[in-house]
Amino acid sequence: MHYPAPGQPLAIKLINRVGRYLAKLGWAGPTLAPEQLIKKVQRRTGLNDLGGGGYDVALAALTESLQSEAKLSLIGRIAAQNILLEQLEARLQLIDYRKQRPEVAEQKITRPLFILGLPRTGTTILYELLAQDPAHRAPMSWEVAKPMPPAQADNFTSDPRIEEIEKALGKTEMLSPGFKSIHEIGANLPQECIAILASSFFSDMYGASFNIPSYRRWLTAQDMSEAYRWHYQFLQHLQVDYSCERWVLKTPPHLAFLEALVAQYPDAAIVQTHRDPMEVMGSTASLSCTLHGAFSDDIDPVETGQHEVHYFAQMLNRGMAQRDAMPDSSRRFFDIRFSDLVSDPISVIKQLYQHFDFEFTDAAETAMRTYFENRPRDKHGKHSYQLEDFGLSRECHSPLFADYCQRYGF
């Protein structure tokens, strides 16, 4: 397998070639220095208050890792700068809007439903199905990417930002040919919490997109209280003009921060999906290489595979330890095996609702069945990979997941 993908447009390859030539002449490329990024976005917006919560420390750790490890191409450096500027701008605007509308801070986030588990364990299809319940509000990709102004109920499916974000997301497939065959994206699809956390700069959105293992290690060691406070405030903003009975939310990395999540959302209901980890590690490594290949011409699949398998093993082990420390774990969590979800998703969801004492209405069931029946598999092509492509094997790496597999019967 080759990264970046051979199908990447010639224009991008030429720009990156020019970037390599200029680098030899001493040109560093677009700045990723935090202080310069902050000044630039403050001038652009006319706003100055970026709040607290340690965002500056996180931004410094992130940019240091981007510059020292990510091996960014010229396109990658331009993209990284644009992403950081967009997140800083969103942060400035959200804080300013909150000052202008006191009712934002008065919003209550009640009994949110979180989905977590290793990637490729059914979290995405479960998320999309639960989002069909009229009682549920899932953050859509377009409103997370462009949160100003807050979404309105009367044009939620026709907001002009949808078309804008759909075009922007189309560039992902151009930079990372084959990405959609691994993980479908769309402006009108539910977005993960890593995108909500991105403007706190405590987010694995960056670790998923770029090869920055030191930032991931730094992030995993942090007290995430302020990050989840920002997550709460973001949801308050999104729901101020359009709310439903319950938020449904999802991202695998919540596994590593269950303690902070529950501290911020004490009434949270949490679903964890399960699958033999070595059945998903090849796919996860392939996804990472495909994404990293959008921003770097120097991708080592074996090195990436080693980073991924150790990162997710640590995530699972942290999640088990934090679950064990919760006295109400059996009530708060509901576990789903991937095989059960694939074979009969509606029955599994009914059990989920019963466990949390949620009402499973006829309208919810009809909407979920209709969505599932009209959601084609392999819509964007088949995802092919082998563990060996990434230097992974059951013999060498299964022991990393021994405790998890023993607990959940794999």
Side-chain angles (χ1 to χ4, degrees), residues 32-35 37-38 50-70 80 83-84 86-88 90-92 94-95 109 112 114-119 144 191-236 249-266 268 270 272 284 288 291-292 306-326 400:
L32 297 179
E35 63 277 5
L37 295 173
I38 290 170
L50 281 158
Y55 84 91
D56 51 344
V57 177
L59 179 60
L62 171 58
T63 53
E64 169 60 29
S65 190
L66 283 169
Q67 296 188 86
S68 64
E69 294 180 306
I83 290 169
L84 295 175
E86 287 171 358
Q87 296 302 328
L88 284 166
R91 186 177 181 89
L92 283 166
L94 287 166
I95 290 171
I109 311 299
F114 285 89
I115 303 166
L116 47 86
L118 285 180
V144 174
Q191 180 58 282
E192 293 197 20
C193 293
I194 52 172
I196 291 175
L197 287 166
S199 44
S200 76
F201 300 98
F202 292 86
S203 173
D204 196 51
M205 184 187 84
Y206 303 108
S209 301
F210 302 98
N211 179 34
I212 46 175
S214 66
Y215 171 78
R216 271 185 157 175
R217 289 191 295 271
W218 176 88
L219 180 66
T220 305
Q222 300 309 301
D223 176 353
M224 292 287 282
S225 300
E226 291 295 334
Y228 280 97
R229 184 172 293 112
W230 178 259
H231 183 278
Y232 190 97
Q233 292 174 357
F234 204 114
L235 293 184
Q236 287 180 312
L249 304 147
K250 172 246 180 177
T251 205
H254 284 318
L255 261 174
F257 308 115
L258 290 173
E259 186 177 284
L261 185 155
V262 170
Q264 183 62 57
Y265 298 99
I270 303 173
Q272 184 171 350
T284 301
S288 291
L291 275 173
H292 298 174
Q306 301 310 304
H307 288 157
E308 294 297 300
V309 74
H310 285 91
Y311 174 67
F312 285 108
Q314 180 187 26
M315 184 182 295
L316 277 179
N317 289 329
R318 282 173 59 96
M320 286 190 295
Q322 291 179 48
R323 279 187 64 166
D324 288 345
M326 295 181 188
L400 292 170

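The analysis underlying the following values was restricted to heavy atoms, covering all of them including side chains, and did not include hydrogens, waters or symmetry mates.
Below 30°, between 30° and 60°, or above 60°: for H231 and F114 the angle between ring planes is between 30° and 60°, a tilted geometry.
For the atom pair CG of L118 and CD of Q272, the computed distance is 8.0 Å after rounding to the nearest 0.5 Å. For the atom pair CG (L62) and CG (L66), the distance works out to 4.5 Å, reported to the nearest 0.5 Å. Here CD of Q233 is found 8.0 Å from CD1 of I95. Values are rounded to the nearest 0.5 Å. If you take OG1 on T63 and CG on L32, they are separated by 7.0 Å, rounding to the nearest 0.5 Å. Taken to the nearest 0.5 Å, the CD1 atom of I83 stands 12.0 Å off from the CG atom of L37. The CE atom of M315 sits 6.5 Å away from atom OG1 of T220, with the distance rounded to the nearest 0.5 Å.
The side chain to side chain donor-acceptor pair (under 3.5 Å) test applied to Q306 returns H397, not counting sequence neighbours. Y55 pairs by the ring-ring contact (aromatic ring centres under 6.0 Å, His included) definition with nothing, not counting sequence neighbours. Annotation: ring-ring contact (aromatic ring centres under 6.0 Å, His included) contacts of F257 (sequence neighbours excluded): none. For E226, the salt bridge (Lys or Arg N to Asp or Glu O under 4.0 Å) partners at least two apart in sequence or on another chain are R229. For S214, the side-chain contact (heavy atoms from CB on, under 4.5 Å) partners two or more places apart in sequence, or in a different chain, are S65, E69, R217.
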Quiz item: When you look at I270 and I115, which way does the side chain to side chain contact (heavy atoms under 4.5 Å, CB included) test go after all the steps?
Solution: CA-CA 6 Å; I270 303 173; I115 303 166; over 6 Å; no
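R318 and A256 make their closest contact through NH2-O, 2.7 Å (heavy atoms, listed as atom of the first residue, atom of the second, distance). When all heavy atoms of M224 and L219 are compared, the closest pair comes out as SD-CD1, 3.9 Å. Taking each heavy atom of G319 and L258 in turn, the nearest pair found is O-CD1, 3.6 Å. Across P112 and L249, no two heavy atoms sit closer than the pair CB-CD1, 4.1 Å. Considering all non-hydrogen atoms of both residues, A58 and Y215 come closest at O-CE1, 4.1 Å. Listed here is the closest heavy atom pair of L50 and R91: O-NE, 2.6 Å.
In this structure a side-chain-to-backbone donor-acceptor pair under 3.5 Å is missing from H254 to L116. Side-chain N or O atoms of Q222 include one that pairs as donor or acceptor with a backbone N or O of W218 at under 3.5 Å. Within the 3.5 Å criterion, the main-chain N or O of Y232 finds a donor-acceptor partner in the side chain of Y265.
Residue E259 places its CD atom among 12 or fewer non-hydrogen atoms of other residues, nucleotides or ligands, all under 6.0 Å distant.
For the residue pair E308 and T284, no side-chain donor N or O sits within less than 3.5 Å of a side-chain acceptor on the partner.
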What side-chain donor-acceptor pairs closer than 3.5 Å can you find for residues 198-207, not counting sequence neighbours?
unit_1, atom_1, unit_2, atom_2, d
S199, OG, W230, NE1, 2.9
S200, OG, L197, O, 2.6
S200, OG, F202, N, 3.1
S203, OG, I194, O, 2.6
S203, OG, M205, N, 3.0
D204, OD1, R216, NE, 2.8
D204, OD1, Y311, OH, 3.1
D204, OD2, R216, NH2, 3.1
D204, OD2, Y311, OH, 3.4
Y206, OH, A198, O, 2.8

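Put simply, the side chain of T251 does not reach to within 4.5 Å of the side chain of I196, judged on heavy atoms.
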